[in-house]
Amino acid sequence: MERRTLGQGLEVSAEGLGCMGMSEFYGAGDDVESLATIHEALDRGVNFLDTADMYGPFTNERLVARAIKDRRDEVVLATKFGNQRAEDGSFLRVNGTPEYVAAACDASLERLGVDAIDLYYQHRVDRTVPIEETWGAMKSLVAAGKVRHLGISEASSETIERANAVHPVTALQSEYSLWSRDPEDGVLATCRRLGIGFVAYSPLGRGFLTNEAATRQNVEGDFRNRHPRFSGDAFEKNLALVKNLEAIAASKNVTVAQLSLAWVLSRGPDVVPIPGTKRRRWLHENIAALDIDLSVADVAALEAAVPRGAVVGDRYQPAGMLNVNG
């Protein structure tokens, strides 16, 4: 398995595994298959596991804990705080207060069954709390040995700069794919100037950039039923873009998902995609994308097939869009 280096020398597998969908948001889960998927990922050299306290809520961290209980030394473990939810799943607020930072970390450590978290992200920026206060509390977690590296998610260039001035930022995690290219508007350049790694979540467009896109609608318990890009006229228009990719994928004898992941992987050695899956079948397909070499002409063809601005619909519903680029 190829390795890539994020900021502060943190080395991870070139492709990670997003664990969120094993517990929530993408229809019914299957803990047995999910645990097998995590174990298979580790067996194949995928050592970068991504979770968060709000997934479930709280149940995804416990699931990951079960999977890595006897394999902790093989794992680079990332989790997040900041999207505060109640036990019943209701969303409370984006919380970046120092008191909450400390409490959330202790709770995650307990659920994960570990002494330290390898990479601890601020999941969303709390616009009511100066970033210096939030990151001051996060810096204290590093000093206490509870956390090894710090990251931030969906932050603006200005916020990244301010956070990095308090403590070096190891990674920015933001949505990045052929059809979500917002980081190219400055954030990616900021990360490179500061030596910060880039972790790309939803590199497959929440499953739209696959050969299975047409089956993603109306699955019980799937939040994509209400997602702007999966709804109404937007769905059909976006599906036409996937059809463009299907022709290129067929010419290379690969899947649309593999081609889409290969594009993200081609963005630079500091970019690490973390495609999420809860099934070994898709894990194997995703890992195979690492064997695809794209030429300059290939990249140009892919970007012509899915031009910037051609995708219809926002990345989240309106409430969610308020909490990105913080």
Side-chain angles (χ1 to χ4, degrees), residues 4 6 14-16 18 50 124-125 151-160 169 171-194 196-210 213 216 224 227-231 234-235 237-249 254-276 286 289 292 294-318 320-326:
R4 294 191 171 186
L6 302 176
E15 198 175 279
D50 185 88
R124 290 293 186 271
V125 176
I152 195 166
S153 181
E154 291 287 0
S156 67
S157 290
E158 179 187 359
T159 299
I160 295 166
V169 179
L172 170 74
Q173 183 178 140
S174 287
E175 184 173 355
Y176 191 32
S177 69
L178 268 170
W179 80 346
S180 291
R181 295 176 61 185
D182 311 40
E184 295 175 2
D185 292 333
V187 166
L188 189 54
T190 297
C191 288
R192 286 178 168 153
R193 177 167 51 82
L194 297 174
I196 298 169
F198 190 98
V199 176
Y201 78 82
S202 293
L204 297 178
R206 305 187 187 282
F208 213 119
L209 297 174
T210 73
R216 303 299 187 194
R224 291 172 295 189
H227 192 285
R229 295 182 175 179
F230 285 77
S231 304
F235 180 83
K237 292 177 180 177
N238 291 332
L239 191 60
L241 298 175
V242 177
K243 295 296 183 183
N244 295 341
L245 294 176
E246 287 180 353
I248 301 173
V254 299
T255 67
V256 169
Q258 289 168 336
L259 200 59
S260 300
L261 279 174
W263 179 86
V264 178
L265 288 161
S266 75
R267 297 303 81 206
D270 54 348
V271 176
V272 178
I274 51 168
N286 293 343
I292 301 173
L294 297 179
S295 67
V296 173
D298 290 333
V299 170
L302 291 172
E303 293 176 359
V306 186
R308 287 201 64 176
V311 177
V312 180
D314 286 334
R315 296 196 287 120
Y316 290 95
Q317 292 184 21
M321 289 301 296
L322 293 175
N323 293 324
V324 301
N325 199 34

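We're numbering straight along the sequence, starting at 1.
- Every pair passing salt bridge (Lys or Arg N to Asp or Glu O under 4.0 Å) that includes a residue from residues 263-276 is listed here, sequence neighbours excluded: R192-D270, R267-E303.
- In plain terms, the two heavy atoms of P275 and G16 that are nearest each other are CD-O, 3.6 Å.
- Partners of S157 according to the side-chain contact (heavy atoms from CB on, under 4.5 Å) rule, which considers only residues two or more places apart in sequence or in another chain, are V187, T190.
- Because its NZ or CZ atom is not both nearer than 6.0 Å to the ring centre of F208 and within 45° of the ring axis, R315 does not count as a cation-pi partner of that residue.
- Note that CG of N286 and CD1 of I274 are 12.0 Å apart. Values are rounded to the nearest 0.5 Å.
- Contacts of D182 classified as side chain to side chain donor-acceptor pair (under 3.5 Å), with partners at least two apart in sequence or in another chain: none.
- Using bins of under 30°, 30° to 60° and over 60° for the plane-to-plane angle, the ring pair F230/W179 lands in the perpendicular bin.
- Note that CG of L178 is 10.0 Å distant from CG of L241, once rounded to the nearest 0.5 Å.
- Checking side-chain atoms of R4 against main-chain N and O of G268 turns up a donor-acceptor pair under 3.5 Å.
- Every ring pair (Phe, Tyr, Trp, His ring centres under 6.0 Å) that F198 has, sequence neighbours left out, goes to Y176.
- Between V199 and A171 the shortest heavy-atom distance is CG2-CB, 4.0 Å.
- Checked against side chain to side chain donor-acceptor pair (under 3.5 Å), S153 has the following partners two or more places apart in sequence or in another chain: R124.
- Atom CG in D298 sits 10.0 Å away from atom CD1 in I292 (nearest 0.5 Å).
- Among residues two or more places apart in sequence or in another chain, the salt bridge (charged side-chain N to carboxylate O under 4.0 Å, His left out) test is passed with E15 by none.
- Not counting sequence neighbours, the partners of K243 by the salt bridge (charged side-chain N to carboxylate O under 4.0 Å, His left out) test are E246.
- Looking at residues two or more places apart in sequence or on another chain, you find a side chain to side chain donor-acceptor pair (under 3.5 Å) between S180 and E175, R229.
- A distance of 11.0 Å separates CD1 of I196 from CG of L188, quoted to the nearest 0.5 Å.
- With sequence neighbours excluded, the residues that form a salt bridge (charged side-chain N to carboxylate O under 4.0 Å, His left out) with E184 are R181, R308.
- Of the candidates L261, V296, V299, V271, S266 forms a side chain to side chain contact (heavy atoms under 4.5 Å, CB included) with just one, namely V299.
- In terms of heavy atoms, A14 sits closest to V272 at O-CG1, 3.5 Å.
- Taking both residues in full, the closest heavy atoms of S177 and S202 are given as CB-O, 3.7 Å, listed atom of the first, atom of the second, then distance.
- Using modelled atom types, one side-chain atom of N238 and one backbone atom of V312 make a donor-acceptor pair closer than 3.5 Å.
- Contact between N244 and A305 at its shortest, heavy atoms only, is ND2-O, 3.0 Å.
- Note: L302 CG to L209 CG = 10.5 Å, rounded to the nearest 0.5 Å.
- Listed by chain and residue number, V125, I152, T159, I160, L172 satisfy the side-chain contact (heavy atoms from CB on, under 4.5 Å) test with A155 (two or more places apart in sequence, or in another chain).
- Under the rule for a side chain to side chain donor-acceptor pair (under 3.5 Å), the partners of T255 that lie at least two apart in sequence or sit in another chain are Q258, E285.
- When the side-chain contact (heavy atoms from CB on, under 4.5 Å) test is applied to A240, no partner is found at least two apart in sequence or on another chain.
- Atom CZ of residue R206 and atom OH of residue Y316 lie 4.0 Å apart, to the nearest 0.5 angstrom.
- Between L259 and I248, some side-chain heavy-atom pair lies under the 4.5 Å cut-off.
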